[in-house]
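Letters go in sequence order (proteins before strands), and every chain restarts at 1.
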Amino acid sequence: MDEKFNKPYDPKTTEENIYSIWQESGFFNPDNLPPRHQKPFTIVMPPPNANGNLHTGHALFITLEDIMTRFKRMNGFKALWIPGADHAGFETQIVYEKKLEKEGRSRFKMDPQDLYKEIYDFTIENKTNMENQVRRLGASCDWSREKFTLDPGVIKNVQKTFAKMYEDGLTYRGNRMVNWCTKHQTSLSEVETETQEKVDKLYYIKYGPVTVATVRPETIFGDVAVAVNPNDDRYKHLINTEISVTTPIGEMLLKVIGDESVETDFGTGALKITPAHDKNDFEMALRHNLPSVEIINQYGKLNEKTGKYAGLKINIARDEVVKDLELMGLLEKTEEYTHPVPTCYKCGTTIEPRQLPQWYVKMKPLAEMALKAVQEKKVVFYPDNYRKIFNYWMEHTTDWNISRQIVWGIPIPAKICNACEHGFPDLEDAITKCPKCNGDVRKDTDTFDTWFSSGQWPLIVTGHPDSDDFKKHYPTDIMETGYDLIFKWIPRMVIFGLYLAKIVPFHTVYLHGLVNDAKGKKMSKSKGNVINPLDMTALYGTDALRMALVVANPPGSDTSLSEPKIKGYKNFANKIWNITRFVLSNTEGIFLDESLITNTADKNLLTELNTLTKDITSDLNEHRYHLSSEKIYHYAWHRFADEILEESKNVISGENAEDKLSRQHTLIFILKRIITVLHPFMPFVTEEIWKDIPANKTGLLMIEEWPEK
RNA sequence: GCGCGAUUAGCUCAGUUGGUAGAGCAACUCAUUUACACUGAGAAGGUCGGGAGUUCAAAUCUCUCAUCGCGCACCA
């Protein structure tokens, strides 16, 4: 028996050593696998953001995807797990802006190219750090195929898709209301805003002959009409007339319009219309052919059209306007009012709707394709209830704004005419005149929404359309990611896969939940309950962390992680270590020969073991990782160690030589099986022990055949 | 408002197609040069949120109520 078993298991030295053995073997790359590996199995790694350290959510997905990959590899598949790194446009820019803020600098005072270069260097540095952490967690992914979302080839492909969609009439330039964050100075898509319940005041303001209710009295200077319901007897007679309205900066003439969308029982039933600063009002103005008057600028300050209020921020202007209205006797009453307000998902700033020309993706035809694919079960969800959520979202799409006013991203390869504002793609950056009016054109300075590029990720990393990898590994098998990406990412990948490759990018979606703290509360820096996965790995070993993350953690629901739980699995790693020690020290000089297992009791033990193996195999095939991990844990500790080993002590010290020999072979057999089945979950300790198992082995445990019993 | 999920031992959670309730941690009693104290043995702890229904049989299926959580949402 090797001397190493005389000391407790030491994850630290073992893990580094084992990972480099794996890497040197070349088996992370499926092209190097032995001939028995034929049928491809492919997972695309959700590329972690290259802007910081991994968190427990990353540790969870790495664990799950590594289990999937290792299981399939052992089952003889040409298993490929493609890693990546995400430049994470908006997210990284925010991280970097915070850094700039600390240094007393601002992105708005920098040359965009300098800023881009700085963020690039920052990201590349963090990317290396991130990759090393992924290795630390045992990921058996093929680093030779790794892609970064800002690789030149990726940029080129994404830009080509944009041009193709333009040709196909699926992208267009629209001058519509956008979700504007006044802090970050960019527009945001629907999924990048978060609706928050806010308590505001609802002001009832005398508006000529009517009274209107509004939470935004500061926008009255941008009003172009008053709307009422055409069936509202109180106001019917005013429709299509002009009314004179008194404001703190003078009189205004406003048209009264009738629109079905006005609720008669909310407020006074009369609604002021501010098309430039409210989505509803904008839509209504379109219906009634009303002008739009912008009175708030991109920084959230009132402009010169508001007279004495010019230059004031929205909230201050609101107070001032209310004060003045009250002095003028125009404020009828004020009510407390709770309502949902869209905010920036990153900084919580209230979204200021603005009318801006931007690029949009026409979602309806694309969503229909995706919906159909899911209905036909071309894509299945684990757990299944997320299919309903996916469908709901696909049935309620709005056109997708893909323009972002940030530098950190893939440039939109488009030109815009200075004369007629016509926008069109220009991949070569060669067109200087507008094809419509022959006017001078300017380059679009915007970048793509990150999800526009990451939506194409499965295609990009497999080398769509003509690489060997694309032919072999697309469509991929499983997309494993967090349920929070059910809107942001999954639908976009399905859409781009169907649109560009005419086939879904994956047939299975496995969604994991959040990793919460020991009390089931969400981890957050402000609560101080964040568990850093790399700290846990250093303290208890990666295998222990992986078990703590996967046992009893079914798909689609949140799990809670605590240090004692991880520690418990460290103890388990050591238990396995000592089981091995016991077996090896009681079987000196024996090399496993199954035919020598002759005793009936021993044969029964093998039957029991085979039943368990079968059960675990079917759990793994059906994505029940939370059950399979627990079953092998339970068997190893509470059946094999507590019962079978204890009983074996008598057999081995007993008189009957045949019984003894049969039992010795049985112990090695069971140990070998436990180590094999446990490998996807706890790859390090099992690979280390594997070296010392006295039995026929093909080589590394990571490519050992999965027991088909 | 609409939708989804949850409610099981003191805490955190499993429980696949219905077949007399499980794990980890905590707490209790005992064992002590043992493969392993990163240990073992034992005991304790639950009318599975309430109610109704289907069934030979329900934590599991149906309905309903309650509470909590999450997601979505353009009545100013």
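- Remark: the separation of the C1' atoms in B:G40 and B:G46 is 27 Å, to the nearest Å.
- Remark: the separation of the P atoms in B:A26 and B:C38 is 13 Å, to the nearest Å.
- Atoms CD and CZ, on A:Glu647 and A:Arg663 in that order, are 4.5 Å from each other to the nearest 0.5 Å.
- Residue A:Ala573 is classed as having no contact, given no heavy-atom separation below 4.0 Å to the nucleic acid.
- Taking the side chain of A:Tyr337 as heavy atoms from C-beta on, and the options B:A14, B:C75, B:C36, the nearest nucleotide is B:C75.
- With the 3.5 Å cutoff on both pairing distances, Watson-Crick and G-U pairs in RNA chain B assemble into runs of at least 3 at B:1-7 with B:66-72, B:10-13 with B:22-25, B:28-31 with B:39-42, B:49-53 with B:61-65.
- Between A:Asp602 and A:Asp659, the shortest heavy-atom contact is OD2-O, 4.3 Å.
- Taking atom P in both B:G24 and B:U60, the straight-line distance is 25 Å, to the nearest Å.
- The side chain of A:His638 sits closest to B:G24 out of B:C75, B:C36, B:G24.
- Counting to the nearest Å, the C1' atom of B:G71 and the NZ atom of A:Lys522 are 12 Å from each other.
- B:A59 and B:A52 are spaced 14 Å apart, taking the P atom of each and rounding to whole Å.
- When the C1' atom is compared between B:C13 and B:G5, the two are found 15 Å apart, to the nearest whole Å.
- As rounded to whole Å, 12 Å separates atom P of B:A73 from atom CD1 of A:Ile351.
- The nucleotide whose nearest atom lies closest to any side-chain atom of A:Tyr633 is, among B:G24, B:A73, B:A14, B:G24.
- Across the interface with RNA chain B, nearest-nucleotide mapping of A:Gly520 and A:Pro340 shows A:Gly520 to be the residue nearer the 5′ end.
- Few gaps surround NZ on A:Lys527; more than 12 heavy atoms of other groups in view lie less than 6.0 Å from it.
- The side-chain heavy atoms of A:Arg639 and A:Leu605, taken from C-beta on, include a pair separated by under 4.5 Å.
- The side chain of A:Thr214 sits closest to B:A76 out of B:A76, B:C11, B:A23.
- Two rings, from A:Phe669 and A:His665, have their centers 6.0 Å or more apart.
- One P atom belongs to B:C36, the other to B:G69, and the distance between them is 49 Å to the nearest Å.
- In this structure, A:Ala213 reaches the bases: a heavy-atom distance under 4.0 Å links it to at least one base atom across the strands shown.
- Identified under the salt bridge (Lys or Arg N to Asp or Glu O under 4.0 Å) test for residues 564-580 of chain A, with sequence neighbours left out: none.
- For A:His626, no side-chain nitrogen or oxygen approaches OP1 or OP2 of B:G22 to under 4.0 Å.
- Between the side chain of A:Glu646 and the base of B:A35, at least one donor-acceptor pair of N or O atoms lies under 3.5 Å.
- Nearest to the side-chain atoms of A:Asp642 among the listed nucleotides B:U16, B:A73, B:A41 stands B:A41.
- Following rounding to the nearest Å, A:Asn391 (CG) and B:C2 (P) show an atom-to-atom distance of 21 Å.
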* Tell me, with the steps shown, if A:Glu352 and A:Arg354 meet salt bridge (charged side-chain N to carboxylate O under 4.0 Å, His left out). => CA-CA 6 Å; A:Glu352 184 55 45; A:Arg354 283 183 82 202; over 6 Å; no

* After noting the C-alpha distance and the side-chain angles of A:Phe266 and A:Tyr337, does the key distance pass the ring-ring contact (aromatic ring centres under 6.0 Å, His included) rule? -> CA-CA 12 Å; A:Phe266 186 89; A:Tyr337 177 53; 5.5 Å; yes

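- The number of heavy-atom neighbours closer than 6.0 Å to NZ of A:Lys279, taken from other residues, nucleotides and ligands shown, is above 12.
- Going from the C1' atom of B:A21 to that of B:A14 covers 12 Å, rounded to whole Å.
- Regarding A:Tyr382, its OH atom lies at a distance of 11 Å from the C1' atom of B:U16, rounded to whole Å.
- Residue A:Phe487 is classed as a sugar-phosphate contact, given heavy-atom separations below 4.0 Å to backbone atoms only.
- Within the 4.0 angstrom heavy-atom criterion, no nucleotide atom of any strand lies near A:Ile273.
- Checking B:C38, B:A35, B:A73 against the side-chain heavy atoms of A:Lys570 singles out B:C38 as nearest.
- Nucleic acid contact class of A:Lys567 (heavy atoms, under 4.0 Å, all strands): none.
- Judged by distance alone, the side chains of A:Thr398 and A:Glu190 never bring a donor and an acceptor atom under 3.5 Å apart.
- Comparing A:Asp278 and A:Phe5, the nucleotide of RNA chain B nearest to each residue sits closer to the 5' end for A:Phe5.
- OP1 or OP2 of B:C38 has not a single side-chain nitrogen or oxygen of A:Lys575 nearer than 4.0 Å.
- One interatomic measurement links the two molecules: CG of A:Asp517 to P of B:C25, which rounds to 18 Å at whole-angstrom precision.
- Listed candidates were B:A73, B:A23, B:A35. Nearest to the side chain of A:Leu645 is B:A35.
- For A:Leu627, taking side-chain heavy atoms from C-beta onward, the closest of the listed nucleotides B:A14, B:A76, B:C36 is B:A14.
- Of the N and O atoms on the side chains of A:Ser187 and A:Asn179, not one donor lies less than 3.5 Å from an acceptor on the other residue.
- Nucleotide B:C75 holds its C1' atom 5 Å from the CZ atom of A:Phe266, rounded to whole Å.
- As judged by a 4.0 angstrom heavy-atom cut-off over every strand, A:Lys631 is placed among the base-contacting residues.
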* Would A:Trp637 and A:Phe572 satisfy side-chain contact (heavy atoms from CB on, under 4.5 Å), going step by step from the backbone distance to the final call? -> CA-CA 8 Å; A:Trp637 196 322; A:Phe572 178 56; 3.4 Å; yes

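- Distance, A:Lys565 NZ to B:C11 P: 17 Å, rounded to whole Å.
- The gap from the P atom of B:C72 to that of B:C56 amounts to 45 Å, rounded to the nearest Å.
- Between A:Asn516 atom CG and B:C68 atom P the separation is 19 Å, expressed in whole Å.
- Taking side-chain N and O atoms only, A:Arg624 has no distance below 4.0 Å to OP1 or OP2 of B:U16.
- OP1 or OP2 of B:G40 sits under 4.0 Å from a side-chain N or O of A:Trp637.
- Side-chain contact, A:Glu332 with A:Thr211: a donor N or O sits under 3.5 Å from an acceptor N or O.
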Between the protein and nucleotides 3-8 of chain B, list the N/O to N/O atom pairs that are separated by less than 3.5 angstrom.
{"from": "B:C4", "atom 1": "O2'", "to": "A:Asn385", "atom 2": "ND2", "distance (Å)": "3.4"}

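- Residue contacts shown for A:Pro554 are limited to sugar-phosphate atoms, with no base heavy atom under 4.0 Å away.
- Set against B:A35, B:C75, B:C13, the side chain of A:Glu263 has B:C75 as its closest nucleotide.
- If you check every strand for non-hydrogen atoms under 4.0 Å, A:Gly269 touches a base.
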